[in-house]
Visitor: 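Have a look at this one before I ask anything.
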Amino acid sequence: MTRASPPFKRILLNLLQVPLKTTSFTQIHSLLFTSGASQELSVLLKLAEFLASSQTPSSAYFTLKQTQRLPNPFLFNTLISSYTQSSSPHLAFAVFKHMVSDGSTPDKYTFPLVLKSCVRFWGFEEARQIHGVVAKLGFLTDLYVQNVLIHVYGLCGCYPDACIMFDDMLVRDVVSWTCLISVCVKGGRFVDALTLFAQMDVAPNITTIVSVLVASGRTGELNIGRSVHGLLLKNEAVLGLIAGNALLDMYVKCERIDEAKRMFKELPMKDIVTWTSIISGYAKCGCLDMALEIFENMPIKNIRSWNALIGGLAMHGHGKEALGYFEWMVRTGLKPNDVSFIAILSACSHSGLVEEGRRHFASMIKFHDLVPKIEHYGCMVDLLGRAGLVEEAYELVKTMPMKADVLIWGAMLSACRTSGKTEISQWVRDSLLELGPSDSGAFVLLSNIYATNDRWGDISRLRRLMRKKGIKKEPGSSIIELDGWVHEFLVGVMEHHQMEDILMVLYIFEKQMQIDEQ
DNA sequence: ATAGGGTTAG
């Protein structure tokens, strides 16, 4: 018998569906060979998936290898992709290592699959090694491989490498551009994302547009967001869930609640993301009643929906209510995350609830298994500072496990201003200066903090300080030299000519956009 | 058989 009979094949496939004990697996395994089913591709693919769910990479690898006279990359690729989707994605890399050291040559499909696993386990070093193998085996010119390398490097915290990949490419397609743009967005480089979009020389598709909408929202570039919206309308794009949500959230982030409301009404599909987004919109503009109403009518609520509501209450000084909803959320069995704690700590801070703030901060570690990040320390410093407890804030900054950043120093500085503790205040100023010229971005941030608080005196003092320290950048802007011309870019604001570039791109691609969303 | 997208806090 060279081929398995159809019923037998079906039985095997069904057996491979369920988790098995080792003994029954051994029996199936021998049946595979004696029946000839090991020649059936569909059975082998199921076998690969099954192995990934139950065996170590090396035993899975060698089992699959046994089924073939020559190593078959296709089967190993399936194994890699199954491990990538599992809860232990780094095992995909282990399979890859076996392939390479065992002489089973990877093919062009292997690299994107194994690189994708690196994104899931933050494997920058592994990605580099794979990159080396890619180069050695001559796959560096493969567009898929190049694109996924941009993506992996960008998401594993190595943005410069992603840029190098992108710059070195001779041919870039829409995915190449979209990869880099989305990497920028994920890393908070929103202006860079928009600048890249303005330089695109291929038509964007809906995936590109989604990233651009996020970037427009986060930079508050309503004009770009609106133009992108216009482009979608002109293309008669049927908005899918993701694009619709991105558009809605762009209006929310640009604080255009009326437009967001209209979008919300018109969206053909809504899910938990849509609801959360509109709540945060109502969160933000002070329409707490509307936010509450939507929240209560939501069919499903996740941690982000609760955080949006609690954060909104906190933002508008309803500290007690925010805490109430927090307790309620915990009672429903949802686990608060780090953002939940930023929301309630800032609620305590704005409402002067010192004792509650201290208690919740302590409970993060004790009861919720969370490690406070610098933002949480920042909230606490702010809370203590506002309550006039400068000494305690000072102790906290001294004992916290990480280096203080400019926001912490900013909170300390305002605490000192009202307390008159000159000794601590001097220490804060000295520490701030130690951040040094490399941290000129920090000064810009600080000057923004001052600016929003109408503290222009502080700003001019800060500028003097920066000049004295040899920090060249003026706060609030950065200078870039291009083709011998010096352009000054305002922080967080697009330059006029950049804006025009983007509108031009939108115009050019008006009729070329590939609407690939159903 | 391989690549890219949305929501929370400050």
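Just so it is clear: chains get the letters A, B, ... in the order the sequence lines come, proteins before strands, and each one is counted from 1. Atoms considered below: every heavy atom in the structure, side chains included; atoms not considered: hydrogens, waters and symmetry mates.
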Visitor: Consider the side chain of A/Tyr144, meaning its heavy atoms from C-beta on, and name the nucleotide among B/dT2, B/dT8, B/dG5 that approaches it most closely.
Guide: B/dT2

Visitor: Between atom NZ in A/Lys301 and atom C1' in B/dT7, what is the gap in whole Å?
Guide: 16 Å

Visitor: A/Ile342 side chain: which of B/dG4, B/dA9, B/dG5 is closest?
Guide: B/dA9

Visitor: Please determine if a side-chain N or O atom of A/His151 lies less than 4.0 Å away from the OP1 or OP2 oxygen of B/dA3.
Guide: no

Visitor: Starting at CD of A/Glu375 and ending at C1' of B/dT8, how long is that distance when rounded to a whole Å?
Guide: 13 Å

Visitor: Could you state the CZ-C1' distance from A/Phe190 to B/dG10, rounded to the nearest angstrom?
Guide: 13 Å

Visitor: Using atom CD1 of A/Ile209 as one end and atom C1' of B/dG4 as the other, report the distance to the nearest whole Å.
Guide: 13 Å

Visitor: Donor-acceptor pair under 3.5 Å: do we get one between A/Arg218's side chain and the base of B/dG10?
Guide: yes

Visitor: Does A/Ser346 place a side-chain N or O at less than 4.0 Å from the phosphate oxygens OP1/OP2 of B/dA9?
Guide: no

Visitor: Does any non-hydrogen side-chain atom of A/Ser305 lie less than 4.5 Å from one of A/Met298?
Guide: yes

Visitor: Under 3.5 Å, which donor-acceptor pairs do the side chains of residues 71-82 of chain A form with other protein atoms, sequence neighbours left out?
Guide:
from: A/Asn72; atom 1: OD1; to: A/Phe74; atom 2: N; distance (Å): 3.0
from: A/Asn77; atom 1: OD1; to: A/Thr110; atom 2: OG1; distance (Å): 2.8
from: A/Asn77; atom 1: ND2; to: A/Pro73; atom 2: O; distance (Å): 3.4
from: A/Asn77; atom 1: ND2; to: A/Asp107; atom 2: OD1; distance (Å): 3.0
from: A/Thr78; atom 1: OG1; to: A/Phe74; atom 2: O; distance (Å): 3.0
from: A/Ser82; atom 1: OG; to: A/Thr78; atom 2: O; distance (Å): 2.8

Visitor: Heavy atoms only, 4.0 Å cut-off, all strands: where does A/Asp249 land among base, sugar-phosphate and nothing?
Guide: sugar-phosphate

Visitor: Could you work out which one of B/dG5, B/dT8, B/dT2 sits closest to the side chain of A/Val210?
Guide: B/dG5

Visitor: Indicate, with a heavy-atom threshold strictly under 4.0 Å, whether A/Asp338 touches base, sugar-phosphate, or nothing.
Guide: nothing

Visitor: With sugar-phosphate meaning primed atoms plus P, OP1 and OP2, does A/Lys270 contact a base, only sugar-phosphate, or nothing at under 4.0 Å between heavy atoms?
Guide: nothing

Visitor: Would you kindly give the CG-to-P distance between A/Asp142 and B/dA3, to the nearest whole Å?
Guide: 12 Å

Visitor: Any idea which of B/dA9, B/dG4, B/dG5 is nearest the A/Val339 side chain?
Guide: B/dA9

Visitor: Are any of A/Lys186's side-chain N or O atoms less than 4.0 Å away from OP1 or OP2 of B/dG4?
Guide: no

Visitor: Look up atom NE2 in A/His318 and atom CG in A/Leu309, then write down how far apart they are to the nearest 0.5 Å.
Guide: 11.0 Å

Visitor: Establish, with yes or no, whether the OP1 or OP2 oxygen of B/dT8 is under 4.0 angstrom from a side-chain nitrogen or oxygen of A/Lys253.
Guide: yes

Visitor: Would you indicate which nucleotide in B/dT7, B/dA3, B/dA1 comes nearest to any side-chain atom of A/Thr276?
Guide: B/dT7

Visitor: Please check the phosphate of B/dA3 (OP1 and OP2 only) for any side-chain N or O of A/Lys116 closer than 4.0 Å.
Guide: yes

Visitor: Between B/dT8, B/dG4, B/dA3, spot the one nearest the side chain of A/Thr208, thanks.
Guide: B/dG4

Visitor: Measure the distance from CG on A/Leu143 to P on B/dA3 and round it to the nearest whole Å.
Guide: 13 Å

Visitor: What class does the angle between the rings of A/His376 and A/Phe341 fall in, given that below 30° is parallel, 30 to 60° is tilted and above 60° is perpendicular?
Guide: perpendicular

Visitor: For A/His90 and A/Tyr83, test the side chains for any donor-to-acceptor distance below 3.5 angstrom and give the result as yes or no.
Guide: no

Visitor: For the pair made of CZ in A/Arg120 and P in B/dA3, what is the distance, rounded to whole Å?
Guide: 13 Å

Visitor: Consider ring pair (Phe, Tyr, Trp, His ring centres under 6.0 Å). Of A/Trp275, A/Tyr282, A/Trp306, which one does A/Phe295 pass it with?
Guide: A/Trp306

Visitor: Compare the minimum distances between each of B/dA3, B/dG5, B/dA9 and the side chain of A/Val175, then state the nucleotide with the smallest one.
Guide: B/dA3

Visitor: Kindly point out which of B/dA1, B/dT8, B/dT2 is positioned nearest to the side chain of A/Phe74?
Guide: B/dA1

Visitor: Rounded to whole Å, please give me the gap between CG in A/Asp107 and C1' in B/dA3.
Guide: 15 Å

